[in-house]
2 protein chains.
Amino acid sequence: MYRRCNIKRNLTIKDVAKKAGVSVATVSRVLNSSTSVRRETAKIVQDAINELEYIPNNIATNLKTDQSHVIAFVVTDVKNSVLTYLISSIQNVLWDHNYFMMFFATNGDPDRETSILRFIAQQRVDGIILNSCTNEKIVTKLSKQIPIVLTGNDITDPNFIGDFIDTDNHAATYMLTSHLISQGHRNIGIINGPHNLDVSYERFCGYQSALAVIGLNVIESSPLVYQGNFDRISGFNAAKSLLSLTENRPTALLITNNEMMKGVLQYCLENKINIPDDLSIVTIGNRCQLDLLYISPTYMETNLEEIGERLARLLLERIEKDHKIPKRILRVPAFFHNGTTVKPIV
Amino acid sequence: MYRRCNIKRNLTIKDVAKKAGVSVATVSRVLNSSTSVRRETAKIVQDAINELEYIPNNIATNLKTDQSHVIAFVVTDVKNSVLTYLISSIQNVLWDHNYFMMFFATNGDPDRETSILRFIAQQRVDGIILNSCTNEKIVTKLSKQIPIVLTGNDITDPNFIGDFIDTDNHAATYMLTSHLISQGHRNIGIINGPHNLDVSYERFCGYQSALAVIGLNVIESSPLVYQGNFDRISGFNAAKSLLSLTENRPTALLITNNEMMKGVLQYCLENKINIPDDLSIVTIGNRCQLDLLYISPTYMETNLEEIGERLARLLLERIEKDHKIPKRILRVPAFFHNGTTVKPIV
DNA sequence: TTGTACGCGTTATCAT
DNA sequence: ATGATAACGCGTACAA
């Protein structure tokens, strides 16, 4: 092991105390500026610290204080490019409050998620931001020990303690579908995420509701409904599948995230399918990912920076105050058409 | 505080020992399956663990064993979309070896970087992957206590102990510039990153060398050289500035990353500058970010998934074996033209 | 203001 | 095979 090979072991508070000719308690006091220390002694101690280049051991402090100032951020898929906005804003809020982050990706694997949650529990982090939740039981139980805020998947179990923020997914797909209908489309396909995720279910329901308004009843097993898994390749496959339908071939596609949309675009490019002449496309995503493509899809923007910031703030509040009443926040996304925000035509 | 408000404190190994009617040592043995325990006793202990839903405290273990199985990953800018590939591949390697990640973003602020490094040192992580290094002294010193692997910025100080992997930046810009030259361009502008970063310097040198071949001597203060900071808005400003030159207005731009290129594209769109008729563009980036844009730039692909994987592997090796000889690896990027890999015309 | 001593929850050594 | 106990490095009552 690395550290053991060092000739000189890590210096401890004792070494500083010895060097400064004071007790460890005094050094600790200087480090934490908790109770009063004489200016001269503080100076001596500080000099010793500097000279020895003493580095306090957070592990020991954490053990003693039962706090780590570290929170865990768990996501399903790291490669989803919109994620960077979430991480970035969370990081910044944490930084302002002197908190740090452990980062985990479940890759959509429930077993991996379970293992990660177990590790997190053992790690005694101060809180969790969870963007992947396939096992409500475990998370519900964990929420009694560690503050948790959720996004993506809410937990309905009344025993779950924690907050939830997300985009209003139902509203997003409802508006997009209505938009397509108003443009005259009747055969509208949907490329959605895994059906076991809340986010997919809600997005499907919004789509379904909008179609119901004009008397169309589309169920989950309809050939117009494709279940992808939010990555690019599944978008490609979805396009291939849906656009190969012999009857009721869709004239428009609702694609529920950025990555899958890229896959669709790739398929259309390779197969010379012209957008929007041969096919209309609407999606949910982030402006910066969408404004320079070779087409300008209509989309609902999920402001992930705002969501990330609010997630972090909610978590920090919950870490401070235990019995805060849980919040459920749905953020209505903005409608973009031809590159600018407009009121949707619904 | 959250945890303190809980009526029942966290259970410890002692509680398990008491419940099972054995000593803490035995429980510890069962947990770590280190030395031999009678099957029956193990069973009793395991039952107690399950019944109490005991969760081991990693903090205490870390303190005792001086290992955390956690590494730190530090980057400059989270929003750089290519980052997701790095994180993803690192995560997967770590997962395979039962390691976890703390994630930090310096946002290009040296002070923040310093604070982060201090925190990391205090945290006693097992290793560091550093993609942001403005203070070689601190990192060099730290490298004697914690295994470090670098990317982006190498450290020339012979006292630094650690590995380095990166794209061959010089080769990348050299090839791109030569390509432009072969296409007949003579006024070639470069939109580069902050000049205090190695990566920027190398990319500039590659550009400079290629131009020198045809007798053009471009220095850093040339009007054709723009210093951005790798984000989209600086790309936009760079395009505005370079394309407003009255004399020697560039006919081609070498843009050293994806994000800045997006800014350039935005500027060109807004100002009706046609690519490639009015302006040629070459860049460095990732295929998935570039293949669906409204133009198909020539680019050098930096395979960040490969680099991430190798970074993680090198770090884990270094954690295992202290006196491993430092490696310096430069990965030659692939040349893409019209969407496919080809031999560059140089 | 400062020092002594105990405990945080583990692992590891040394007995038995 | 198992138990008692000393560390790990720090914070903090309590005493001085």
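Computed from heavy atoms alone, side chains included, the values below leave out hydrogens, waters and symmetry copies.
- Residue B:N57 places no side-chain N or O under 4.0 Å from the OP1 or OP2 atom of C:dC8.
- Using modelled atom types, one finds a donor on one side chain and an acceptor on the other under 3.5 Å when comparing B:N92 with A:N107.
- Ionic pairing of B:D15 and B:K19 is not present here: no N-O contact between side-chain nitrogen and carboxylate oxygen is shorter than 4.0 angstrom.
- Around CD of B:E51, the count of heavy atoms belonging to other residues, nucleotides or ligands within 6.0 Å does not exceed 12.
- For the pair A:I59 CD1 and D:dG11 C1', the computed distance is 16 Å after rounding to whole Å.
- Ion pairing of A:E317 with A:K321 is absent here, as no side-chain N (NZ or NE/NH1/NH2) approaches a carboxylate O to less than 4.0 Å.
- One interatomic measurement links the two molecules: CZ of B:R29 to C1' of D:dA4, which rounds to 11 Å at whole-angstrom precision.
- Under 4.0 Å is where a charged nitrogen must lie from a carboxylate oxygen, and between A:D163 and A:K324 at least one such pair does.
- Separating the NZ atom of A:K14 from the P atom of C:dC6 is a distance of 14 Å, rounded to the nearest angstrom.
- Within the structure, every side-chain polar atom (N or O) of A:T65 is placed at least 4.0 Å from both OP1 and OP2 of D:dG11.
- Within the structure, a side-chain polar atom (N or O) of B:S23 is placed less than 4.0 Å from OP1 or OP2 of D:dG3.
- OP1 or OP2 of C:dT2 sits under 4.0 Å from a side-chain N or O of A:T41.
- At least one side-chain nitrogen or oxygen of A:Y54 sits closer than 4.0 Å to the OP1 or OP2 atom of D:dC10.
- Residue A:T26 places at least one side-chain N or O closer than 4.0 Å to OP1 or OP2 of C:dG3.
- Atom CG of B:L63 and atom C1' of C:dG9 are 9 Å apart (whole Å).
- For C:dT10, its base never sits under 3.5 Å from the side chain of B:K64 at any donor and acceptor pair.
- Rounded to an integer number of Å, the gap from B:Q67 CD to C:dG9 P is 22 Å.
- Summarising the geometry, the separation between CG on A:N62 and C1' on D:dG9 is reported as 11 Å, rounded to the nearest angstrom.
- When the C1' atom of C:dG9 is taken as reference, atom CD of A:Q123 falls 14 Å away, rounded to whole Å.
- Side-chain to base pairing of B:R124 with D:dG9: no donor and acceptor N or O lie closer than 3.5 Å to each other.
- Within the structure, every side-chain polar atom (N or O) of A:S28 is placed at least 4.0 Å from both OP1 and OP2 of D:dC10.
- For the OP1/OP2 pair of D:dG9 and a distance below 4.0 Å, the side-chain nitrogens and oxygens of A:T12 include no atom meeting the criterion.
- Atoms NZ (B:K18) and P (D:dA4) sit 13 Å apart, rounded to a whole Å.
- The A:P56 side chain lies nearest to D:dC10 when the options are D:dC10, D:dG9, C:dT4.
- Between B:R38 and D:dT2 there is a side-chain N or O to OP1 or OP2 distance below 4.0 Å.
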